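In what follows, a structure is listed as structure tokens, so that the remarks can point back to it.
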Amino acid sequence: MENPFKNTNFEENKEAETAAENTETDVEETIEEQPEETNPWQEKYETLNNQYIRLAADFDNFRKRQEQERENLLKYGAENTVKKLIEVLDNFDRGAKAIETVEDCEKVKECFNLAYKNFNDVLGKIGLEVIPAEGEEFDPNLHEAVMQTPTDEKPENTIITELQKGYKLGDKVLRPTLVNVATAP
């Protein structure tokens, strides 16, 4: 019996192997030469993915910018208010210098009243308002009743006296007015 593994046609097999290698190389070259077929779903995916990445980066930048603005607002939010109050501080300094040499009490009162008026004007420009109280009807949102006095002279829930001024900034109450409220006898 003849050995089936023994190659008698060594040359023929060699040529067949070379031809097979050449065929594989030709197939790879033709695959590389052919333009890739474009998949519309793949293109759509890449477009949306790129948009998502840009949007995420834009949002991150927006978030960082907002955080920086918030920090600056907390840090420098009172800047305009303080600038206006510096004028009042200057007036107090001028008044203190003027009082040093003055022996007339009326001049001291006049300097004090000017400084006080200037201070109130600046606070008014900023938006600070005194909450009206005496003679007004008691409002628990604006007033704090610390006393109640039974009386026939004023209607019930009317403020008799203001014990401490209250202030609001715009619509926000900074400090309620402390008041004495009339009650029925």
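Bear in mind that the values here come from a model prediction, so they are computed numbers and not experimental data. No hydrogens, no waters, no symmetry mates; every other heavy atom, side chains included, goes into these values. FYI, the numbering just counts along the sequence from 1.
A distance of 10.5 Å separates OH of Tyr45 from OH of Tyr52, quoted to the nearest 0.5 Å. The line from CD of Glu162 to OG1 of Thr177 is 5.5 Å long, rounded to the nearest 0.5 Å. The structure places CG of Leu174 at 10.5 Å from NZ of Lys168, a figure rounded to the nearest 0.5 Å. One finds the CD1 atom of Ile159 at 9.0 Å from the OG1 atom of Thr161 (value rounded to the nearest 0.5 Å). The distance from the NZ atom of Lys165 to the CG atom of Leu178 is 13.0 Å, given to the nearest 0.5 Å. A distance of 13.0 Å separates CG in Asp58 from CZ in Arg63, rounded to the nearest 0.5 Å.
Taking each heavy atom of Pro150 and Pro185 in turn, the nearest pair found is CB-CA, 3.8 Å. Closest non-hydrogen pair, Glu137 versus His143, comes out as O-CE1, 3.8 Å.
In this structure, the side chains of Tyr167 and Val130 come closer than 4.5 Å at one or more pairs of heavy atoms. Contact annotation: the side chain of Gln164 never approaches that of Glu144 to less than 4.5 Å [non-hydrogen atoms, C-beta and beyond]. With a 4.5 Å cut-off on side-chain heavy atoms, Thr151 and Ile160 count as touching. When side chains are defined from C-beta on, Leu48 counts as touching Lys44, because their heavy atoms get closer than 4.5 Å. Between Leu142 and Val173 the shortest side-chain heavy-atom distance falls below 4.5 Å. The closest side-chain heavy-atom distance from Val146 to Asn180 is not below 4.5 Å.
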*side chain to side chain contact (heavy atoms under 4.5 Å, CB included) evaluation trace for Val181 with Val179*: CA-CA 6 Å; Val181 180; Val179 295; 3.9 Å; yes
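Using a 30° and 60° split on the angle between ring planes, Phe59 and Phe62 fall in the tilted class, from 30° to 60°.
The environment of CD in Gln42 is crowded: more than 12 heavy-atom neighbours from other residues, nucleotides or ligands sit within 6.0 Å. Summarising the local packing, CD of Gln66 is surrounded by more than 12 heavy atoms from other residues, nucleotides or ligands at distances under 6.0 Å.
Hydrophobic cluster membership is shared by Leu169 and Leu123, with clusters built from Ile, Leu, Val, Met, Phe, Trp and Tyr side chains linked at under 4.5 angstrom. In the hydrophobic clustering of this structure, Phe119 does not group with Tyr116; members are Ile, Leu, Val, Met, Phe, Trp, Tyr whose side-chain heavy atoms approach within less than 4.5 Å, directly or through other members.
The stretch residues 109-130 participates, sequence neighbours left out, in these salt bridge (Lys or Arg N to Asp or Glu O under 4.0 Å) pairs: Glu106-Lys109, Lys117-Asp121.
Between the side chain of Asn118 and the main chain of Leu114, no donor-acceptor pair closer than 3.5 Å is present. In this structure, Thr47 contributes its side chain and Glu43 its backbone to a donor-acceptor pair below 3.5 Å.
A side-chain contact (heavy atoms from CB on, under 4.5 Å) with Asn72 is found for one member of Glu69, Arg70, Gln68 and no other, namely Gln68.
The pair Asp60-Lys64 counts as a salt bridge, with a side-chain nitrogen and a carboxylate oxygen less than 4.0 angstrom apart.
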